[in-house]
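Remarks on the structure that follows.
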Amino acid sequence: IFENLMKEYPDSIEIASGLIKAYNLAKRYKDSTSLCRRFLNQKGLDTAFLFQASISFKRNYLFEEAIDIAERIKIRDPY
């Protein structure tokens, strides 16, 4: 469903967030990573989005980027 919506509304950050979460649950980490990179600058303040992005990068063995995002989350919410 999210993929069809993404085709219809390619710049929707909310749809992209849902699609990234769905990709992570389906273990389609390469797809989620490409979407994360596309929307990271626009959605960089949303902690839930950053968490999903960190998971995507970690599962794709992109550890430097995953650590960078995880540090942003920790700075924002230390507890």
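Residue numbers run from 1 in the order of the sequence given.
Checked by atom type and distance alone, the side chain of Ser17 pairs as donor or acceptor with a backbone atom of Ile13 at under 3.5 Å.
By the 6.0 Å contact criterion, CZ on Phe63 is enclosed, its count of non-hydrogen atoms from other residues, nucleotides or ligands being greater than 12.
A pairwise comparison of heavy atoms in Phe57 and Cys36 identifies CZ-CB, 4.2 Å as the closest pair. Ala66 and Ser54 get closest at one heavy-atom pair: O-OG, 3.3 Å. The nearest pair of heavy atoms linking Ser34 to Asp31 is OG-O, 2.8 Å.
The shortest side-chain heavy-atom distance between Arg37 and Leu62 falls under the 4.5 Å cut-off.
With rounding to the nearest 0.5 Å, the separation of CZ in Phe39 from CG in Leu19 is 9.0 Å. With rounding to the nearest 0.5 angstrom, the CD atom of Glu65 is 9.0 Å from the CG atom of Leu40. Distance check: Ile15 CD1 to Ile20 CD1 gives 12.0 Å after rounding to the nearest 0.5 Å.
By the side chain to side chain donor-acceptor pair (under 3.5 Å) test, Ser56 pairs with Asn24, Ser32, sequence neighbours left out.
Applying the salt bridge (charged side-chain N to carboxylate O under 4.0 Å, His left out) rule to pairs touching residues 5-21 yields Asp11-Arg38, sequence neighbours excluded.
Ile55 is not connected to Ile67 by any chain of hydrophobic side-chain contacts under 4.5 Å among Ile, Leu, Val, Met, Phe, Trp and Tyr, and they are in different clusters.
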Side chain to side chain contact (heavy atoms under 4.5 Å, CB included) between Leu35 and Met6, worked out: CA-CA 11 Å; Leu35 270 178; Met6 199 67 200; 4.2 Å; yes
Chi angles and distances behind the side chain to side chain contact (heavy atoms under 4.5 Å, CB included) call for Ile69, Phe51: CA-CA 8 Å; Ile69 294 170; Phe51 182 73; over 6 Å; no
Criterion side chain to side chain contact (heavy atoms under 4.5 Å, CB included) on Leu50 and Arg76, from CA distance to verdict: CA-CA 11 Å; Leu50 290 175; Arg76 186 168 296 136; 2.8 Å; yes
